[in-house]
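Some notes on the structure that comes next.
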Amino acid sequence: MELVKRLCDTYGPSGREDNIRKIIESNIQKYCKKIEVDRLGNLIAHVRPKGVGKAKRGNGDKIMFCAHMDEIGLIITHIDKNGFLRFTNVGGIFPERILFERVIFENGTIGVIGVETKRETPKPAYLDNMFIDIGAKNKEEAQTMVRIGDIAAFYQQSVNINKRLSAKALDDRIGCYCLIETMKRIKSNKDDLYFVFSVQEEVGLRGARTGAYAIAPKYAIAVDVTITGDIPESPKMDVSIGKGVAIKVKDSAFIGHPLINDKLVSYARKMKIPYQLEILERGTTDAAIIQVVKEGALSGVLSIPTRYVHSTNEVCDFADVEATIKLLTCICEKGLE
Ligand code: CO
Ligand code: ZN
């Protein structure tokens, strides 16, 4: 619980995942001896077969699990004479979801997002007419606090709302958390398991590509959030928070391999893990790339149902997180053959 909150609250937009990587590394060292960081910054932990007889060892497959460390952010493009910062998006930003929120830069500078307004002609929110106010008196002062190209992330503290968690960057720190917890729980495995904490998912699945290339797994499971159809006037979608881990059938760039999805469903049934089937009409995740790297990987995605994705207050349910970890642990111990 403390760990998931720390992961969410920490600064780590795409390309600036160092702080997240440090937290994860220190939390998995006990459970994995072979941890590497590749050139792009992916953290790759290799868990060798253990707890099985010699005969079974060497017959296993390579299974890659992947969750992305990065979160969406805002990058400074211009500082005006009054010290207001103009910015553009790093990843998928919905302008209307970020108005008047707080942001923080890597160096600790904090700002508030404002918008140009005129009483007579109210404008819809576009990033073009939004700015970040860092409390500077003028351009010169602002330039001592931030530079062009600095990236801001949302500044927000996780809180429990009843049995649910509200936090920024649940996308995809909650996925990272599920992988860490899974690593802690595995008792035995005959397969070579690779846990990849990837970089730059939000700007085009970039880390997943090099990670998959290096590992060349036979099987891959990505873990990420998905939106839900359970809030007022939400799109028609058969996924709700609190109803279990979502097994992805399709999103805009990925189709779950039927053999993998059948396996995931049968494990969930056998273990009495609540699950739901997900079709996400817009958006995708790391598995979309992993499945087509080198000779390809038989791939699936487990999603944690999440409300208000890509806002400063995403919401998920702890029961779904537990269901996800249980199913992941089952895959690690029993394989996907
Ligand atoms: Co995302
Ligand atoms: Zn994501």
Side-chain angles (χ1 to χ4, degrees), residues 4 7-8 10-17 20-21 24 40-43 64-75 88-95 97-98 101 103 151-154 156 158 165-180 195-209 211-212 220-228 235 237 239 241 245-248 250-254 256 278-291 299-316 320-321 324 328:
V4 69
L7 283 167
C8 289
T10 301
Y11 173 93
S14 307
R16 301 285 184 279
E17 298 90 352
I20 309 303
R21 192 168 48 237
I24 295 172
L40 286 199
N42 294 311
L43 184 68
M64 170 173 169
F65 298 88
C66 193
H68 66 92
M69 295 188 286
D70 62 313
E71 66 187 294
I72 52 174
L74 309 171
I75 187 165
T88 188
N89 61 303
V90 175
I93 297 280
F94 302 101
R97 292 190 196 180
I98 65 168
E101 296 291 346
V103 295
I151 303 176
F154 299 130
Q156 184 62 280
S158 307
L165 174 64
S166 163
K168 76 160 175 78
L170 279 175
D171 177 10
D172 185 25
R173 306 286 159 66
I174 197 70
C176 295
Y177 174 75
C178 288
L179 292 194
I180 296 169
F195 293 85
V196 178
F197 300 88
S198 63
V199 295
Q200 300 191 40
E201 188 268 357
E202 297 289 0
V203 290
L205 321 177
R206 294 175 192 165
R209 189 190 295 260
I221 302 288
V223 183
D224 203 344
V225 301
T226 189
I227 62 164
T228 61
M237 188 179 177
V239 175
I241 71 173
V245 53
I247 297 170
K248 192 188 290 279
K250 181 187 180 299
D251 66 22
S252 60
F254 175 80
E278 169 203 351
I279 293 111
L280 178 69
E281 294 185 39
R282 260 183 239 162
T284 191
T285 184
D286 281 338
I289 281 295
I290 300 168
Q291 66 170 347
S299 304
V301 175
L302 299 184
S303 304
I304 298 96
T306 302
R307 291 176 179 168
Y308 325 121
V309 171
H310 285 204
S311 80
T312 56
N313 284 293
E314 302 173 333
V315 172
C316 74
D320 298 333
V321 176
T324 307
L328 283 167

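Order of appearance sets the numbers: ligands from 1, and atoms from 1 within every ligand.
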Would you say Ser303's side chain and Pro305's backbone share a donor-acceptor pair under 3.5 angstrom? no

Need one value: angle at the Co ion (ligand 1), Glu202 atom OE2 versus Asp171 atom OD2, rounded to 10 degrees. 100°

Using 2.8 Å as a strict upper limit, say whether an N, O or S atom of Asp172 approaches the Co ion (ligand 1) that closely. no

Using a 6.0 Å cut-off, check whether atom CZ of Arg307 has over 12 heavy atoms from anything other than its own residue. yes

Has Glu201 got a side-chain atom pairing as donor or acceptor with Arg206's backbone, closer than 3.5 angstrom? no

Output yes if Glu202 passes the N/O/S-under-2.8 Å test against the Zn ion (ligand 2); output no otherwise. no

Flag the pair Ile247 / Glu278 as yes when at least one side-chain heavy-atom distance between them is below 4.5 Å, and no otherwise. no

Identify, by name, the N, O or S atom of Asp171 lying closest to the Zn ion (ligand 2). OD1

Has Ser252 got a side-chain atom pairing as donor or acceptor with Gly283's backbone, closer than 3.5 angstrom? yes

Any N/O/S atom, side chain or main chain, of His310 closer to the Co ion (ligand 1) than 2.8 Å? yes

I'd like to know: is the Zn ion (ligand 2) within the 2.8 Å range of an N/O/S atom from Asp172, strictly under that distance? no

